[in-house]
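In listed order, ligands and their atoms are each counted from 1. What you see below is based on every heavy atom in this structure, not just the backbone, and it leaves out hydrogens, waters and symmetry mates. For the single chain, residues carry numbers from 1 onward in sequence order.
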Amino acid sequence: MGYELLTFQVADRIATITVNRPDKLNALNDALMRELGVAIDEARDRDDVGAVLLTGAGPKAFVAGADIGEIAAQGPVDGKARALEGQRVFRRLERCGKPVVAAVNGFALGGGCELAMACHLRVAAEGARFGQPEVKLGIGPGYGGTVRLPRLVGRGRALELLLTGAMIDAQEAFRIGLVNRVVPAERLLPESEQLLTAILANGPLAIQACLEAVDTGLDLGLDEALLLEANLFGLLSGTADMREGTAAFLAKRPPRFTGA
Ligand code: COA
């Protein structure tokens with residue numbers, strides 16, 4: 001499909017998805033959310049894609065939230081439907097089986113912060129700003145903010161952000177564990193790509209299993225989560241990649257993983 005509100009480019013096994021509505025600070029309207037869903041599925045399904053880098057067009061914003069014009073016009077039924085649809089798209093991203101890095105180049109507010117949190121890792125430019133300002137509009141988060149934020153930064157810090165609607169800078173986001181690293185703006189894309197390249201050097205099935213173990217395991221009890229880990233460990237032991245990785249180590253040579 002051709003995209004109008006985002007760009008999709010593949011280089012060196014990394015699909016870069018750039019939300020491209022800079023005149024509205026990349027706010028997520030329904031059409032953009034639909035395209036994002038299609039782009040995520042394309043990245044998941046393409047064999048030449050091993051990882052995803054998600055960013056925003058322009059110097060100012062990653063994504064400044066859901067489109068407030070559309071929110072203003074919604075009633076309870078379509079409001080709920082909009083939240084469910086956004087949650088489904090973000091969940092597809094989180095469960096796509098390939099590592100996703102958010103390269104946060106500016107404002108990540110409301111749905112933008114929620115989108116960044118649905119990515120597996122977050123790299124922020126020094127000038128990036130994060131927040132869940134929905135309460136300032138008389139509404140609450142709808143795309144997973146009350147669910148993922150406390151899981152990432154803890155209940156107290158999450159509630160402070162959710163209840164005040166305050167914006168925090170990239171260093172504060174790093175301090176509380178909301179982002180993995182902070183880099184100068186000009187290093188944002190190179191550092192994000194380097195991070196994904198380092199991940200892509202590892203066994204793809206092992207990466208997929210780690211993503212699944214953490215995503216599913218966090219919501220299980222300790223014993224069930226440990227059993228899931230053991231099951232995945234056993235499953236990986238049947239792969240050519242495991243034989244290749246261990247043989248390469250023993251032969252003191254770099255591994256050549258095939259994802260089989
Ligand atoms: N939805 C729709 N439009 C948005 C938007 C959003 N979430 N965020 C920004 N825009 C639009 C503005 O309306 C403006 O459009 P216009 O030029 O046609 O008037 C354009 O993007 C630029 O934004 P502007 O507010 O002029 O930039 P700024 O530098 O003064 O302020 C922000 C930047 C991010 C502080 C401010 O835009 C803002 O608070 N945005 C809303 C954030 C939010 O509440 N998100 C959660 C939504 S649920």
N or O contacts of ligand 1 with protein under 3.5 Å, please list pair by pair.
| unit_1 | atom_1 | unit_2 | atom_2 | d |
| --- | --- | --- | --- | --- |
| ligand 1 | 1 (N) | A66 | O | 3.4 |
| ligand 1 | 1 (N) | I68 | N | 2.9 |
| ligand 1 | 7 (N) | A64 | O | 3.0 |
| ligand 1 | 7 (N) | A66 | O | 2.9 |
| ligand 1 | 15 (O) | K24 | NZ | 3.4 |
| ligand 1 | 18 (O) | K24 | NZ | 2.5 |
| ligand 1 | 27 (O) | K60 | NZ | 3.4 |
| ligand 1 | 29 (O) | K60 | NZ | 2.6 |
| ligand 1 | 45 (N) | A64 | O | 3.0 |

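- Shown here are the side-chain hydrogen bond (donor to acceptor under 3.5 Å, both in side chains) partners of D169, two or more places apart in sequence or in another chain: there are none.
- Judged purely by distance below 3.5 Å, without hydrogens or angles, the side chains of R95 and T216 pair a donor atom with an acceptor atom.
- A salt bridge links E94 to R148: at least one charged side-chain nitrogen sits closer than 4.0 Å to a carboxylate oxygen.
- By the 30° and 60° cut-offs, the orientation of the rings of F90 relative to Y143 is perpendicular.
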Give the table of side-chain donor-acceptor pairs shorter than 3.5 Å for residues 59-74, with sequence neighbours excluded, one pair per line with atom names and distance.
| unit_1 | atom_1 | unit_2 | atom_2 | d |
| --- | --- | --- | --- | --- |
| D67 | OD1 | G69 | N | 2.8 |
| D67 | OD1 | E70 | N | 3.2 |
| D67 | OD2 | R21 | NH1 | 2.8 |
| D67 | OD2 | R21 | NH2 | 3.0 |
| E70 | OE1 | D30 | N | 2.9 |
| E70 | OE2 | D30 | N | 3.4 |
| Q74 | OE1 | R82 | NH1 | 2.6 |

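- For the side chain to side chain donor-acceptor pair (under 3.5 Å) condition, no pair includes a residue of residues 153-163, sequence neighbours left out.
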